[in-house]
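Here's the structure we're looking at; comments come further down.
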Amino acid sequence: MAKLRILYVSSEVDPFQNTSKIADFVRALPTAMQERGMEIRILVPRFGSINERKNRLHEVVRLSGITIPMGEEEKPLTIKVASIPAAKLQVYFIDNEDYYQRKYVLNDKEGAFYPDNHERAIFFCKGALETVVKLGWAPDIIHCNDWMSSLVPLYISTHYQNHPIYKDSKTIFSPHNSAFDFTFESDDLIEKVKIGDLDEANLGSLAGGNYEAFIKIGAEYADKIVSLENADNSRIQSIIDEYQHKTSQNIADNDLDFFEKTYLEMSGN
């Protein structure tokens, strides 16, 4: 039997970037699943705080030449790769000079939230999925972590639903209590999110333009929601409750048997 293929999409992963528990989760769980015989890929943004030389990132030339639609513009995508030596895990980094080559992650040196963080999240989600297409690696499960990856289930359910790489892919969305207090301009957000013939009717959950809107769109389109026990979901509990029919709540980060069973069941194994 072919190995189960799991794609993890996340805002960060240890040891390359670690500002929250997300980084530890996306390091430990994929490592454990690989040890249980699954084939793993991890995709994260290449934020400027990541030291390329120290972490031995290098550009994947054969994956170059991709551009990502962002409203009326096309933005170039650069893909870099590195491995986590201790775990022998490959991590792909989504990069773009306009979006990620800043010294700070989501807030500037004064602590102000970058007003284009919505674009950075959108570019990341689109870029991650196009990277996997270019790799020719069809994932059975796509496990999305954090609000920055919340558009992936939307794109898989609409734009990519009949794509040969993704036609059998199932999505999981895990919110991680990485809340922010900022509201993006709704019209700009909707226009940038669009791709191909994606119908604006699919984007109603994003109308609020805030943190809750990103969580809502992820929850709406994911095949399953996994809420972790160490996350304070008080701000989004009403969203989780709305989709409780497909939600597993208060799951321990290290409940490896749960995740293995869930992945296998969702993939039809």
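Numbering of residues begins at 1 and proceeds along the displayed sequence. The figures that follow rest on heavy atoms only: side chains count, while hydrogens, waters and symmetry mates do not.
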Can you get from [X] to [Y] by hopping between Ile, Leu, Val, Met, Phe, Trp and Tyr side chains that sit under 4.5 Å apart?
X	Y	result
Val44	Val105	no
Phe123	Val152	yes
Ile94	Leu89	no
Ile251	Ile239	no

Find out whether [X] and [Y] are in side-chain contact, i.e. whether some heavy atom of one side chain is under 4.5 Å from a heavy atom of the other.
X	Y	value
Asp116	Tyr99	yes
Val132	Leu129	no
His58	Val81	yes
Lys167	Asn162	no
Ile68	Asn96	no
Val60	Lys134	no
Trp137	Leu7	yes
Leu29	Tyr8	yes

**OP:** Could you go through the side-chain contact (heavy atoms from CB on, under 4.5 Å) check for Leu198 and Leu154 one step at a time?
**Re:** CA-CA 10 Å; Leu198 178 59; Leu154 163 71; 4.2 Å; yes
**OP:** Would you sort out whether Arg62 and Leu135 count as a side-chain contact (heavy atoms from CB on, under 4.5 Å), showing the intermediate values?
**Re:** CA-CA 9 Å; Arg62 69 183 179 89; Leu135 286 171; 3.6 Å; yes
No-hydrogen, no-angle side-chain donor-acceptor test under 3.5 Å, [X] and [Y]:
X	Y	result
Asp146	Ser178	yes
Ser64	Glu59	no
Ser49	Gln17	yes
Tyr104	Glu110	no
Asp140	Ser267	no

**OP:** Mind running side-chain contact (heavy atoms from CB on, under 4.5 Å) on His143 and Val26 for me, showing each step along the way?
**Re:** CA-CA 10 Å; His143 193 156; Val26 181; over 6 Å; no
Minimal non-hydrogen separation, [X] against [Y], with atom names:
X	Y	answer
Ser10	Pro45	O-CD, 3.3 Å
Phe93	Ile50	CE2-CD1, 4.0 Å
Ser186	Ala207	OG-O, 3.2 Å
Asn233	Asn177	OD1-N, 4.5 Å
Ala121	Phe214	CB-CE2, 4.4 Å
Leu189	Gly209	CD2-CA, 3.7 Å

Original post:
Is a donor on one side and an acceptor on the other found under 3.5 Å between the side chain of Lys246 and the backbone of Ala219?
Top reply: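 Yes; at least one donor-acceptor contact below 3.5 Å.
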Subject >> Backbone N/O of Ile142 and side chain of Thr171: donor-acceptor pair under 3.5 Å >> reply: no
Subject >> Ion pair Asp181/Arg235, N-O distance below 4.0 Å >> reply: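 Between Arg235 and Asp181 there is a salt bridge, with a charged N closer than 4.0 Å to a carboxylate O.
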Subject >> Carboxylate-amine/guanidinium proximity below 4.0 Å for Arg36 and Asp257 >> reply: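 Salt bridge present between Arg36 and Asp257.
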Between [atom1] of [X] and [atom2] of [Y], what distance do you get to the nearest 0.5 Å?
X	Y	atom1	atom2	answer
Thr67	Glu73	OG1	CD	11.5 Å
Met148	His176	CE	NE2	13.5 Å
Ile225	Ile215	CD1	CD1	10.0 Å

Subject >> For Asn117, all residues meeting side-chain contact (heavy atoms from CB on, under 4.5 Å), sequence neighbours excluded >> reply: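 Leu106, Phe113, Tyr114, Arg120, Trp147, Phe184.
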**OP:** Would you list the pairs meeting salt bridge (Lys or Arg N to Asp or Glu O under 4.0 Å) in which at least one residue belongs to residues 85-99, sequence neighbours left out?
**Re:** Arg46-Asp95, Lys75-Asp98, Lys80-Asp95
Original post:
For Phe47, what residues pass the ring-ring contact (aromatic ring centres under 6.0 Å, His included) criterion, not counting sequence neighbours?
Top reply: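 Partners of Phe47 under the ring-ring contact (aromatic ring centres under 6.0 Å, His included) test: Tyr100.
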Subject >> Ring center gap for Tyr160 and Tyr155 short of 6.0 angstrom >> reply: no
Original post:
Taking the six-membered ring for Trp, are the ring centroids of Phe173 and Tyr243 within less than 6.0 Å of each other?
Top reply: no
**OP:** Apply the test side-chain contact (heavy atoms from CB on, under 4.5 Å) to residues Arg27 and Glu12: give CA-CA distance (whole Å), side-chain angles for both, the deciding distance (0.1 Å), then the verdict.
**Re:** CA-CA 9 Å; Arg27 165 68 184 270; Glu12 59 181 349; over 6 Å; no
